[in-house]
Enquirer: 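After the structure tokens below, expect a handful of questions from me.
Please read these numbers as outputs of a predicted model, since none were measured by experiment.
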Amino acid sequence: MQTVNIHEAKTHLSRLIEQAAKGESFVIAKAGRPMVKVVPIDQAEGVVQRTGFMSGHFTTPDDFDRMGSEQIEELFGLGE
């Protein structure tokens with residue numbers, strides 16, 4: 001991945017944006033220290049919401065919150 005300093009990024013911003021839009025991400029650095037990463041918008045999203053992706057594939061038993069309670073009580077001596 002290409003790293004450019006701020007001055008170079010300002011000078012060549014149009015070219016750098018075109019490259020990023022084609023998938024060639026780059027980093028802008030200040031005094032040699034990376035500050036930001038420029039990526040195409042379709043890559044920037046990155047996080048895919050996965051809540052509910054298994055919906056309809058299995059069911060949860062009605063007693064799910066009580067399953068194994070006797071064994072747990074026995075292990076921790078709670079039933080005495």
Side-chain angles (χ1 to χ4, degrees):
M1 180 176 309
Q2 179 182 12
T3 300
V4 296
N5 64 41
I6 291 176
H7 176 73
E8 183 181 356
K10 288 193 297 186
T11 303
H12 302 287
L13 186 59
S14 295
R15 177 180 54 83
L16 291 168
I17 289 173
E18 288 297 322
Q19 288 176 338
K22 293 176 184 174
E24 300 174 32
S25 304
F26 65 95
V27 173
I28 299 176
K30 181 176 184 179
R33 185 172 149 238
M35 301 295 288
V36 297
K37 180 178 177 181
V38 180
V39 298
I41 287 180
D42 59 345
Q43 284 184 356
E45 300 300 322
V47 178
V48 176
Q49 186 174 357
R50 295 183 48 92
T51 304
F53 75 100
M54 293 292 291
S55 180
H57 291 277
F58 62 91
T59 58
T60 304
D62 291 333
D63 66 342
F64 175 77
D65 59 338
R66 296 182 305 278
M67 291 174 63
S69 61
E70 291 177 14
Q71 292 86 353
I72 293 171
E73 288 174 3
E74 187 179 309
L75 287 170
F76 289 98
L78 301 174
E80 298 174 5

Enquirer: When you compare the side chain of Leu16 with that of Val4, does any pair of heavy atoms fall below 4.5 Å?
Expert: yes

Enquirer: Using the rule given for side chain to side chain contact (heavy atoms under 4.5 Å, CB included), can you reason through Val38 versus Val27, listing the C-alpha separation, both sets of side-chain angles and the distance that settles it, and then say yes or no?
Expert: CA-CA 6 Å; Val38 180; Val27 173; over 6 Å; no

Enquirer: Could you walk me through whether His12 and Arg15 pass side chain to side chain contact (heavy atoms under 4.5 Å, CB included), step by step?
Expert: CA-CA 6 Å; His12 302 287; Arg15 177 180 54 83; 3.3 Å; yes

Enquirer: For the residue pair Met1 and Ser25, what are the closest heavy atoms and their distance?
Expert: CG-O, 3.4 Å

Enquirer: Under a 3.5 Å distance rule, please check whether Asn5 uses its side chain to pair with a backbone N or O of Glu8 as donor and acceptor.
Expert: yes

Enquirer: How many angstroms lie between atom CD of Gln19 and atom CZ of Phe26, to the nearest 0.5 angstrom?
Expert: 8.0 Å

Enquirer: For a quick test of reading the model, state the closest non-hydrogen atom pair linking Gly23 to Pro40 and the distance between them.
Expert: CA-CG, 3.8 Å

Enquirer: Take Met35 and Ile28 through the test side chain to side chain contact (heavy atoms under 4.5 Å, CB included) and record every step on the way to the result.
Expert: CA-CA 6 Å; Met35 301 295 288; Ile28 299 176; 5.5 Å; no

Enquirer: Could you go through Glu24 and Glu18, starting from their C-alpha distance and side-chain angles, then the distance that decides it, and tell me whether this counts as side chain to side chain contact (heavy atoms under 4.5 Å, CB included)?
Expert: CA-CA 9 Å; Glu24 300 174 32; Glu18 288 297 322; over 6 Å; no

Enquirer: Considering residues, nucleotides and ligands other than Asp62, do more than 12 of their heavy atoms fall under 6.0 Å from its CG?
Expert: no

Enquirer: To the nearest 0.5 Å, tell me how far Met54 CE sits from His57 NE2.
Expert: 5.5 Å

Enquirer: Membership question, hydrophobic clusters at under 4.5 Å side-chain separation (ILVMFWY): are Leu13 and Ile6 in the same one?
Expert: no

Enquirer: In Å, rounded to the nearest 0.5 Å, how long is the span from CD of Gln71 to CE of Met67?
Expert: 9.5 Å

